[in-house]
Each structure stands twice: as structure tokens, then as C-alpha cells.
There are 2 protein chains.
Amino acid sequence: MMELTRKGDYAVRGIVYLASQPPDKISLLSEIAAAVDVPQTFLAKIFQQFSKTGIVKSFRGTGGGFMLACPADEITLLQVVEAVEGPVLPNRCVLKPGECERDSFCTVHPIWLQVQKQIRDILGNVTLKDLASS
Amino acid sequence: MMELTRKGDYAVRGIVYLASQPPDKISLLSEIAAAVDVPQTFLAKIFQQFSKTGIVKSFRGTGGGFMLACPADEITLLQVVEAVEGPVLPNRCVLKPGECERDSFCTVHPIWLQVQKQIRDILGNVTLKDLASS
DNA sequence: AGGTAACAGGACTTGACAAGTCCTTTATTC
DNA sequence: GAATAAAGGACTTGTCAAGTCCTGTTACCT
């Protein structure tokens, strides 16, 4: 249970690669895909999402490619995985109060909230800088 | 991301109901299903799994049904969800060392291990007794 | 023994979503 | 305007979630 999808896994690989490059270098999608061993067409979709959520900047045309939108130590693992996988939600009922008609008497509800918080805490405290320095 | 399936959700509901009943009462599947608002045929599958992993005892025939196999304070939420959802695995690479050919240099690996441990810690420290007393 | 109550187990269905692929368009540079 | 590279949409394929249904097996009851 609780598994990350391949998309999430690939997303992390790809952006960690970006973070390990010189800060102002623009990397080609083809280069990233080859380096982290992910199908290029699939990685393209992932980086489009990154681009939309603003954690990477993209440039088209000759000399184009991708680079981080901010310094590696200002992007957390949480931002990366939530960008492609959506918010961390151990159970639907955690979405918001009232979402689940059982929540008034559901004793498990607070446990899921606690799980959600812990996961977010861990992932939110790891930056790309931490991950890139290997 | 990280969502529990309905099966897992239903599993928790069902067994918490059992835990809230008098310790030696045998409950009918039909009774449990109605009480927690889950399709009975689906809940049947779930309780079969519980039965196989030994956290509930089942009895066939007239007067049959289900009861907890041990006291409610000896069954953890972790046991319940892992019984039906499989082990807590934030990423496939956490399965075991060597599973992922990238793990020797993958800096994210320890993070997933940490997430896994935290989730297991939280769920492993909540018993059905805690959940049944509402 | 026969009938009925209740769980066990297998086969099947339906729909959604994961995991990609492919093609066309748009933006940029030379 | 030709080449380069990302953006975006449409499509495919397979797997798995979420059930349903039917038959079998076990246990009790008269």
C-alpha cells in the first residue's frame, strides 16, 4: 500500500538530475531522459507539469531545455511529488471536513490526519540540494 | 497520492465495528455490512483475508459469523491495513536491497525508508481498542 | 438424514487509471 | 524559412480497483 507511481518516481529522478547540474545550465529533455533512464515522451509530460507548477523553467527552440526555477535548496521533495501525484491524502476522508459523512464519529480520521502530516513533514524537509549531493 | 483504497477503508470500518461489539459476540457478515455501509459481497472478500491472516475467527453454519481472534488491544491498525492492502511501500525500491538497480547511488532511497518507518510506527501504535471507544 | 444457515472460493464484469506512444502545433534561434 | 525543442491533444494498452454472481463446503437443527 501507499505506493508512489512510476510517474512520481520518474519525476524525482528527473528533477534530481537537474539539481545536480550547474545552476544555470539548460538541460535537454533528451539528455535528462537518457541520464535517468526514463522514456523521453513520458518524461516530457512530467516536465510539462513541473513547468506549469513553476518549479522548473522551460525554453523552446534551439538551445532550449529545462532548468530549475529556483535554487535547489528551495525546492522540496514534497513539492516535486505533489506536483505530479497530487496532494498527500492517506484517505479520501482527509480531504476536508465534511467530505466524509462518517467523519463526525469516525475514530480513524485523526489517525489519517497524523499520517498525512508526518509524510508531509518528512518530504517537506528534504530539498533537492540534499538529494543532488551524492 | 498515497491513498488507501476503498477495500482498505472498508476493512477498517468492518473490523472496528467488530471491536466495538461485546468480546465474545459472533457477528453476522450481513449485520456488519449493514452497520458500516459496505456491500456485503465485497466485505465478504475482505473478511476472508482477515480470516486467513488470523486476525478474525470465522464460524460457518447456523449461529456462525465473525469475531476478533484476539483482544482488541492486541490488534493494530497496521495489521488490519496490511492484511488487505499488502505491506506499506512508499516506493518499489524500498522492497529490499538490490530490488532497484539504482539503489546504490539513489539518494532518495533513505527518504522512502524513513516515510515507510513513520507510517508503520503510527499505524502500529493504534489498536482496535483505541478505535472502538468512540 | 435432510434442510437450512452462513462463510469460502473461484470466475466474471465494468470502469478507471497507470504508463506510455504518436502527431500536430507553437515558440525560438540561426 | 529551416531547424530545434518544448507544449498539448488524442490515442493505446494493460492492469487493477471495486464489485457481482455462482457454486461449494461446513455446521447446526429437527
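Throughout, protein chains are lettered first and strands after them, A, B, ... in sequence-line order, and every chain is numbered starting at 1.
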Rounded interatomic separation in angstrom, taking [atom1] from [X] and [atom2] from [N]:
X	N	atom1	atom2	value
A:Ile26	D:dA6	CD1	P	10 Å
A:Arg60	C:dC30	CZ	C1'	18 Å
B:Gln49	C:dG10	CD	P	12 Å
A:Arg6	C:dA18	CZ	P	13 Å
B:Glu85	D:dC16	CD	P	14 Å
B:Gln48	D:dT25	CD	P	15 Å
A:Leu4	C:dA18	CG	P	12 Å
A:Met1	D:dC16	CE	P	17 Å

Using every non-hydrogen atom in the two residues, find where [X] and [Y] come nearest and quote the distance to one decimal.
X	Y	answer
A:Met67	A:Pro23	CE-O, 3.8 Å
B:Gly124	B:Thr76	O-CG2, 3.2 Å
A:Thr127	A:Ala72	CB-O, 3.6 Å
A:Glu85	A:Gly8	OE2-CA, 3.3 Å

**OP:** By nearest nucleotide on DNA chain C, pick out whichever of A:Gln40 and B:Phe66 is the more 5' one.
**Re:**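 It is B:Phe66 whose nearest nucleotide is closer to the 5' end.
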Original post:
Which nucleotide in the set D:dA18, D:dA6, C:dC7 lies at the smallest distance from any side-chain heavy atom of B:Thr5?
Top reply: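 So the side chain of B:Thr5 is nearest to D:dA18.
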Subject >> Shortest side-chain distance from B:Leu28, nucleotide among C:dG20, C:dT26, C:dC7 >> reply: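 Between C:dG20, C:dT26, C:dC7, the one nearest the side chain of B:Leu28 would be C:dC7.
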**OP:** Establish whether the base of D:dG9 is bridged to the side chain of A:Lys45 by a donor-acceptor pair shorter than 3.5 Å.
**Re:**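 Check passes, donor-acceptor contact within cut-off.
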**OP:** Remember a base hit wins even if backbone is also touched, and classify A:Ser51 as base, sugar-phosphate or nothing at under 4.0 Å, heavy atoms.
**Re:**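 Counting heavy atoms under 4.0 Å across all strands, the contact made by A:Ser51 is with sugar-phosphate only.
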Original post:
Which is true for A:Lys7 with a 4.0 Å heavy-atom rule: it touches a base, it touches only sugar-phosphate, or it touches nothing?
Top reply: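 Sugar-phosphate, backbone atoms only, no base.
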Original post:
Hey, which of these two, A:Phe59 or B:Thr41, hits DNA chain D nearer its 5' end, going by closest nucleotide?
Top reply: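 Result: A:Phe59.
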Original post:
Mapping A:Phe47 and A:Thr62 to their closest nucleotides on DNA chain D, which lands nearer the 5' end?
Top reply: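 On the 5' side of the pair lies A:Thr62.
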[X] side chain N/O closer than 4.0 Å to the phosphate oxygens (OP1, OP2) of [N]?
X	N	result
B:Tyr10	D:dG19	yes
B:Ser30	C:dA6	no
A:Ser58	D:dA5	no

Original post:
More than 12 non-hydrogen atoms from neighbouring residues, nucleotides or ligands closer than 6.0 Å to NZ on A:Lys57, yes or no?
Top reply: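 No - once you tally the heavy atoms of other residues, nucleotides and ligands closer than 6.0 Å, there are 12 at most.
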Original post:
What does the inter-axis angle of the helix from C:dA1-D:dT30 to C:dC30-D:dG1 come out as, five pairs per end, nearest 10 degrees?
Top reply: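 It works out to 10° between the end axes.
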**OP:** Taking A:Ser51 for its side chain and A:Phe47 for its backbone only, find out whether a donor-acceptor pair lies under 3.5 Å.
**Re:**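 Checked: no pair found.
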Original post:
Counting N and O atoms only, with roles assigned by atom type, does the side chain of B:Glu82 sit under 3.5 Å from a partner on the main chain of B:Val88, one being a donor and the other an acceptor?
Top reply: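 Yes; judged by distance alone, with no hydrogens or angles, the pair exists.
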**OP:** In sequence, state the C-alpha distance, the side-chain angles, and the governing distance for B:Glu74 and B:Lys129, and then conclude on salt bridge (Lys or Arg N to Asp or Glu O under 4.0 Å).
**Re:** CA-CA 8 Å; B:Glu74 290 175 18; B:Lys129 190 181 173 193; over 6 Å; no
